[in-house]
Structure formats: C-alpha cells, structure tokens
Amino acid sequence: MRILFVLPIAALWFAMPAFEAVQPDLFSTGSSFVNAWADFDSDGDLDLFVGFNGAPNRLYRNDHGAFADAALTAGVADARPARSAAWGDFDGDRDPDLLVGFAPAPGVPVLKLYRNDAGHFADITASLNVPSDTTAVRQPVWIDFDADGDLDLFVAFRDRPNVMFRNDRGRFTEIAQEIGLADPRKSVGAVWFDFDEDGDLDLYVANMDGDANGLFRNDHGRFTDVAAAAGIGWGGRKPRDTANGTVRPCVADVNNDGHLDLFAANYGKNGLFLNKGGGQFEEVSEAWGISIDSRYDSCAFADFDNDGSLDMYVNGTVTGAVSYRDYLFRNTGTAFEDVTPDNIRSLEADHGVQWADFDRDGDMDLALTGSQANGMHSLLRNMLPAAVAPRSLSVLVMKPGAEVRVFAAGTKRLLGTRIVDSGSGYNSQNAAPVHFGLAQTTPVDIEVVFPGNGKRKQTVMKKMNPRDWNGRSISIRFR
C-alpha cells in the first residue's frame with residue numbers, strides 16, 4: 001500500500017472559479033460516457049481513460065501535464081460502446097488494472113478485464129464468468145469487502161441482479177446471492193463506505209424507475225438492506241415515482257465533522273444526507289440549497305478553491321430533447337452556492353465528471369464527458385493563482401474505501417476527511433490521491449483508517465510540516 005504526501009504553501013483565496021480548456025483539439029470528440037483517472041504507467045502523474053459510444057476508447061498518457069492517446073499501444077482501444085470503467089490493483093502488483101463495461105452485444109461479455117503489466121494491458125476476461133448479451137452494465141467497484149487483502153469486484157446492473165466476484169489470489173467466484181447482494185432492482189450507481197463506523201465496508205446502491213435505493217449493511221461478510229431504517233431509502237426524491245430514480249450516489253464529509261455524508265444525484269429532487277453517527281442520517285437538502293427538481297446523471301466532490309471545504313459538481317442529463325444544466329457548487333460550510341462559470345454552463349457535460357490534479361500544481365482540475373455526438377470530453381485546468389493553488393495536501397492510498405483525515409498537529413482539531421474512491425463519477429472508479437485544501441500551513445497529523453473484519457485499523461503520521469517539504473513529494477509504502 002502506498003501513501004503519497006504533497007503539501008506546498010500558499011494563502012487564502014475566495015475569488016470566483018475559473019477553468020481553462022486543456023488541449024481542446026485533442027479533447028473535443030463527442031459521444032463519450034465514462035472517464036476515470038489512474039497512473040497506469042507509474043511515472044508519477046495521473047492518466048485518463050475515456051470510454052466512447054462506439055469510437056475507440058482512449059487512454060491519455062500524461063507526461064508532465066501534456067496528453068497523448070496511448071490506448072492502441074497499451075491495448076485498450078476497444079471500439080465497442082463503453083458504459084463504465086474502474087481502476088484497481090486486483091492482483092496486488094502495485095499497478096492499477098482496468099475493468100471496462102460495454103453496452104450489450106450478441107455473444108460477447110459486457111465486461112472486459114485488463115491486467116496491467118508495466119503499462120501494457122492483457123485481456124484476462126476469461127478469468128471472470130461474466131454475463132453477456134442483454135445485460136446493461138452500470139457501476140463497477142473494486143473493493144476488499146471481506147478484508148482478506150485482495151480486491152474483489154462488485155458490479156451493478158440495470159436489468160439483472162447485481163453481482164459480487166470474490167477474488168481469491170486472482171481467481172474470481174460470483175457470490176452475490178449467498179451474501180445478500182444480488183439486488184434485482186434497476187440499479188445504476190453504487191458506492192462503498194463504512195456508514196455505521198463499525199469496522200467493515202457497507203454498500204449504498206442507487207436504483208431507477210421508482211425503485212427504492214438500498215443500503216446494505218455488512219455484518220461479517222453478510223449484507224442486510226437497512227436503507228429505510230437509516231432514512232435514505234429514496235435519496236431525497238419522490239417515493240415510488242416511476243419517472244424518478246437515483247443515478248449517482250456520492251460520499252463526502254461535507255460539514256467537516258469527521259462522518260461520511262451521502263449525496264444522491266437524482267431524476268427528481270437531489271438529496272443530501274448528513275451522517276449523524278450510529279448509522280443514522282438527517283436530510284438537509286433544502287437547507288443546503290441543492291434540492292433542485294431536475295434530471296442529473298452524476299456528481300463529484302472536491303475542494304476546488306482550497307479553502308478546506310468540499311465543493312461539488314453535478315451533471316445534468318440530456319434527454320427528451322432537453323439539456324438539463326450542470327452546476328458547480330461552492331461549499332460555504334452550511335450550504336452550497338451556485339458558482340458555475342459561463343464556459344462550463346455552455347457545455348453539455350451530461351455523464352462523466354472527475355476531479356484530479358493532473359498538472360500537480362496543487363489544485364483540482366475537472367474532466368467531463370458528454371453523450372451527444374456534437375459534444376466533447378473536456379479537460380479543464382483550474383486557474384487558481386500560482387501563489388494559492390499549492391496550498392494543499394494529497395494522499396495516495398491504494399485501498400478503496402479507506403478514510404483519510406487531517407488534524408492540526410498534536411490536536412483533535414479536524415481539518416478534513418476524505419474517502420479513497422469506491423465508486424464515483426458516472427459508472428467509474430479512480431485510482432488517484434485524495435486531496436485536501438488547507439487554510440493554514442502549520443504542521444498536521446495525517447490519519448488513515450482501514451475498515452475491515454469489524455475493526456478500524458489506523459495508521460497515523462504526526463507533525464508533518466509543510467515547510468520541511470518545500471513542495472516535494474514524499475512516498476511511503478505500507479504492507
């Protein structure tokens with residue numbers, strides 16, 4: 001396991017956001033659905049996979065902030081319509097492998113598993129007994145649900161029960177029915193997190209067409225749906241309305257209290273639920289200003305202005321000849337305010353959304369996709385001033401579902417909480433650092449929590465001083 005720290009210095013910043021298109025000629029093709037970040041070639045910067053609706057998929061190799069498509073030489077340039085992508089080191093060799101989900105086609109599996117061998121990918125789909133033909137694949141997640149040290153694979157489907165492939169040293173066995181995860185509802189999104197803080201990873205599943213969402217509590221590897229009891233069964237939308245549904249759930253500590261909260265991007269009113277501890281949530285959608293009745297496909301959290309609070313991007317969809325607008329929301333600490341720049345509002349970015357510091361300047365940049373043929377798959381550089389952007393901390397943990405917290409050194413004063421990606425964007429999963437904006441440059445303590453086997457194992461690094469690092473990276477490995 002790796003943890004990477006980057007903590008340079010800067011001052012406070014409260015100006016309106018500004019984003020600039022990166023290599024617009026390269027990132028201009030439309031009809032794309034999914035995007036996901038990982039350092040596939042282990043050169044220290046993040047690369048971007050983009051899945052298209054019938055054109056060859058692309059893998060943009062990042063060389064010091066400049067991108068080139070390496071999908072063909074890497075072996076992942078499939079031209080089948082892609083619908084999902086998840087990065088995860090399933091074989092434990094310390095480079096991220098890639099799972100891609102496709103639209104159904106006769107006689108071929110809807111999932112393809114690529115093993116990463118030093119930046120080149122081998123198709124090892126035969127190691128999975130995957131469904132084919134008429135199955136509509138949605139959210140895949142690499143997650144060590146049984147805490148045995150390797151990453152298992154969960155996949156949500158729109159038109160068949162969801163599946164869980166247990167990984168036993170690279171051999172996969174489908175066990176969803178026996179552990180209680182073969183949900184037959186019309187599932188679309190999913191995210192894993194230890195919602196009740198009891199030391200194992202639970203699963204929230206977003207469902208469409210009027211189906212309630214599921215919150216599957218993990219009890220020693222067996223799962224029980226407790227969504228209704230926890231108060232998040234409908235995700236803030238109208239119950240039992242077949243025109244409504246939840247497309248994307250996102251997890252983030254929006255009020256900086258150390259608990260992981262839940263946001264639901266819906267067809268219908270969006271929902272925000274604060275985690276009150278003890279497995280209970282409080283809906284605050286209206287109070288926080290995000291209960292907007294519209295049509296949304298995805299959500300993504302990041303502290304784009306490095307003020308210490310998590311902000312949010314929400315994608316509107318394009319359906320029925322209507323383009324529902326996107327929102328960039330700034331977190332004020334008690335509410336979200338719309339600060340969407342005009343150049344972003346003009347985009348029909350209706351599916352993929354991911355944040356990543358691709359140029360390693362300390363602020364979070366934005367990658368978007370759009371399903372329209374005349375659309376785009378834009379990469380937008382965050383234009384925070386050079387004196388301000390580096391006021392941040394990045395922590396890379398190759399363990400999905402782990403929690404990272406930063407405290408003022410020697411105290412219990414929490415500066416922020418992040419979760420290692422366990423389902424995000426549109427049907428995607430990154431293998432990327434978590435990012436903290438910091439209001440001060442005084443020393444910090446960094447805590448990483450690994451839920452599993454009923455325990456919350458902690459690793460702490462104390463009195464990390466940004467002045468000692470001078471903007472350099474520090475890499476630490478854990479076994």
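For clarity, every value in this text was computed on a predicted model and none was experimentally measured. Index from 1, following the sequence.
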Quiz item: Is it the case that Tyr426 and Asn315 place a side-chain donor and acceptor less than 3.5 Å from each other?
Solution: no

Quiz item: Quick one: are Phe329 and Trp288 in side-chain contact, heavy atoms under 4.5 Å?
Solution: no

Exercise. Could you tell me if the ring centre of Phe336 sits under 6.0 Å from that of Tyr327?
Key: no

Practice problem: Would you mind listing every salt bridge (Lys or Arg N to Asp or Glu O under 4.0 Å) that reaches into residues 173-191, with sequence neighbours excluded? | Solution: Asp183-Arg185, Arg185-Asp225

Quiz item: Regarding Thr417 and Asp253, is there a side-chain donor-to-acceptor distance under 3.5 Å anywhere?
Solution: yes

Exercise. Please list, chain by chain and in numerical order, all residues satisfying salt bridge (charged side-chain N to carboxylate O under 4.0 Å, His left out) with Asp338, sequence neighbours excluded.
Key: Arg325

Quiz prompt | Flag if over 12 foreign heavy atoms under 6.0 Å of NE2, His259 | solution = yes

Quiz prompt | Donor-acceptor contact below 3.5 Å, side chain Asp361 vs main chain Asp363 | solution = yes

Quiz prompt | Closest non-hydrogen atom pair, Arg222 against Ile179 | solution = NH1-CG2, 3.6 Å

Exercise. Give me the ring orientation class for Phe281 and Phe193: parallel if the planes are under 30° apart, tilted from 30 to 60°, perpendicular past 60°.
Key: perpendicular

Quiz prompt | Flag if over 12 foreign heavy atoms under 6.0 Å of NZ, Lys112 | solution = yes

Quiz item: Do Asp421 and Ser424 get their side chains close enough for a donor-acceptor pair, meaning under 3.5 Å?
Solution: yes

Quiz item: For the atom pair CZ (Phe273) and CD (Glu283), what is the distance rounded to the nearest 0.5 Å?
Solution: 4.0 Å

Quiz item: Are any non-hydrogen side-chain atoms of Arg217 and Leu203 less than 4.5 angstrom apart?
Solution: no

Self-check item: Leu111 side chain reached by Phe102 side chain, heavy atoms, under 4.5 Å
Solution: no

Self-check item: Side chains of Asp350 and Thr317, donor plus acceptor under 3.5 Å
Solution: no

Exercise. Check the angle between the aromatic planes of Phe67 and Phe358 and answer parallel, tilted or perpendicular using the 30° and 60° thresholds.
Key: tilted

Practice problem: Output every pair passing salt bridge (Lys or Arg N to Asp or Glu O under 4.0 Å) with a member in residues 45-63, not counting sequence neighbours, ordered by first then second residue. | Solution: Arg61-Asp63

Quiz item: Got Val191 and Cys250 here, is their nearest side-chain heavy-atom distance under 4.5 Å?
Solution: no

Quiz prompt | Of Asp365, Asp359, Asp357, the residue whose pairing with Arg381 passes salt bridge (Lys or Arg N to Asp or Glu O under 4.0 Å) | solution = Asp359

Practice problem: Identify which one of Asn207, Asn213, Asp211 satisfies the side chain to side chain donor-acceptor pair (under 3.5 Å) criterion when paired with Ser187. | Solution: Asn207

Quiz item: Side chains of Arg80 and Asn57: donor-acceptor distance under 3.5 Å anywhere?
Solution: no

Self-check item: Backbone of Gly119 reached by a side-chain donor or acceptor of Asp41 within 3.5 Å
Solution: no

Quiz item: So, does Asp89 use its side chain to make a donor-acceptor pair with the main chain of Asp93 at under 3.5 Å?
Solution: yes

Self-check item: Heavy-atom pair with the smallest gap, counting every atom of Ala176 and Met164
Solution: CB-N, 3.5 Å

Quiz item: Has the side chain of Ser392 got a donor or acceptor atom that lies under 3.5 Å from a matching backbone atom of Gly362?
Solution: yes

Exercise. Give the C-alpha distance, both sets of side-chain angles, the deciding distance and a yes or no for side chain to side chain contact (heavy atoms under 4.5 Å, CB included) between Ser28 and Met376.
Key: CA-CA 5 Å; Ser28 60; Met376 49 79 236; 5.7 Å; no

Quiz prompt | Test item: Asp261 side-chain N/O and Val254 main-chain N/O as donor-acceptor pair under 3.5 Å | solution = yes

Practice problem: Given side chain to side chain contact (heavy atoms under 4.5 Å, CB included), test Asn270 with Asp293 step by step and report yes or no. | Solution: CA-CA 7 Å; Asn270 288 331; Asp293 195 349; over 6 Å; no

Quiz item: Going from CG on Leu396 to CG on Asp39, what distance comes out if it is rounded to the nearest 0.5 angstrom?
Solution: 8.5 Å

Practice problem: Output yes when a side-chain donor or acceptor of Asn244 lies under 3.5 Å from a complementary backbone atom of Asn266, and no otherwise. | Solution: no

Quiz prompt | Straight-line distance of Leu379 CG to Leu366 CG, nearest 0.5 Å | solution = 8.5 Å

Quiz item: If we only count heavy atoms from C-beta on, is the Asn35 to Val353 side-chain gap below 4.5 Å?
Solution: no

Quiz item: So do Asp91 and Arg115 actually touch side chain to side chain, heavy atoms under 4.5 Å?
Solution: yes

Practice problem: Look only at the side chain of Gln139 and the backbone of Ser428, and say whether a donor-acceptor pair between them is shorter than 3.5 Å. | Solution: yes

Quiz item: Between the side chain of Arg360 and the main-chain N/O of Gly44, is any donor-acceptor distance below 3.5 Å?
Solution: yes

Quiz prompt | Nearest non-hydrogen partners of Pro341 and Leu328, listed with the distance | solution = CD-CD2, 4.0 Å

Quiz item: Which heavy-atom pair separates Ser346 from Asn343 by the least distance, and what is that distance?
Solution: OG-O, 2.9 Å

Self-check item: Gap separating the CZ atom of Phe145 from the CG atom of Leu151, nearest 0.5 angstrom
Solution: 12.0 Å

Quiz item: Counting only N and O atoms by type, is there a donor-acceptor contact under 3.5 Å from the side chain of Asn116 to the main-chain atoms of Phe40?
Solution: yes

Exercise. Evaluate the side-chain proximity of Lys399 to Val420: yes if any heavy-atom separation is below 4.5 Å, no if none is.
Key: no

Quiz item: With a 4.5 Å limit on heavy-atom distance, are the side chains of Phe263 and Val314 in contact?
Solution: yes

Quiz item: In Å and rounded to the nearest 0.5 Å, what is the CZ to CE distance from Phe19 to Met364?
Solution: 10.5 Å

Self-check item: Residue among Asp303, Asp311, Asp305 satisfying salt bridge (Lys or Arg N to Asp or Glu O under 4.0 Å) with Arg330
Solution: Asp305

Exercise. Determine the minimum heavy-atom distance between Ser32 and Val50, stating which atoms define it.
Key: CB-CG1, 3.9 Å

Quiz item: Per the ring-ring contact (aromatic ring centres under 6.0 Å, His included) rule, which among Phe154, Phe90, Trp87 passes with Trp142?
Solution: Phe90

Quiz item: Do side-chain atoms of Glu403 reach the backbone of Val448 as a donor and acceptor pair under 3.5 angstrom?
Solution: no

Quiz item: Looking only at heavy atoms, what is the nearest atom pair of Arg138 and Ser84, with distance?
Solution: O-CB, 3.1 Å

Practice problem: Take Phe301 and Val251 through the side chain to side chain contact (heavy atoms under 4.5 Å, CB included) test and state the conclusion after the steps. | Solution: CA-CA 8 Å; Phe301 283 89; Val251 168; over 6 Å; no

Quiz prompt | Arg237 to Tyr267 six-membered ring, cation-pi geometry met (6.0 Å, 45°) | solution = no

Quiz item: How many angstroms lie between CG in Asp219 and CG in Asp196, if you round to the nearest 0.5 Å?
Solution: 7.5 Å

Practice problem: Might you work through the side chain to side chain contact (heavy atoms under 4.5 Å, CB included) test for Met312 and Asn331, ending with a clear yes or no? | Solution: CA-CA 8 Å; Met312 178 173 60; Asn331 185 347; over 6 Å; no

Practice problem: Take the angle between the ring planes of Phe304 and Trp355 and call it parallel below 30°, perpendicular above 60°, tilted in between. | Solution: parallel

Quiz item: Parallel, tilted or perpendicular for Trp192 and Phe223, by the 30°/60° rule?
Solution: perpendicular

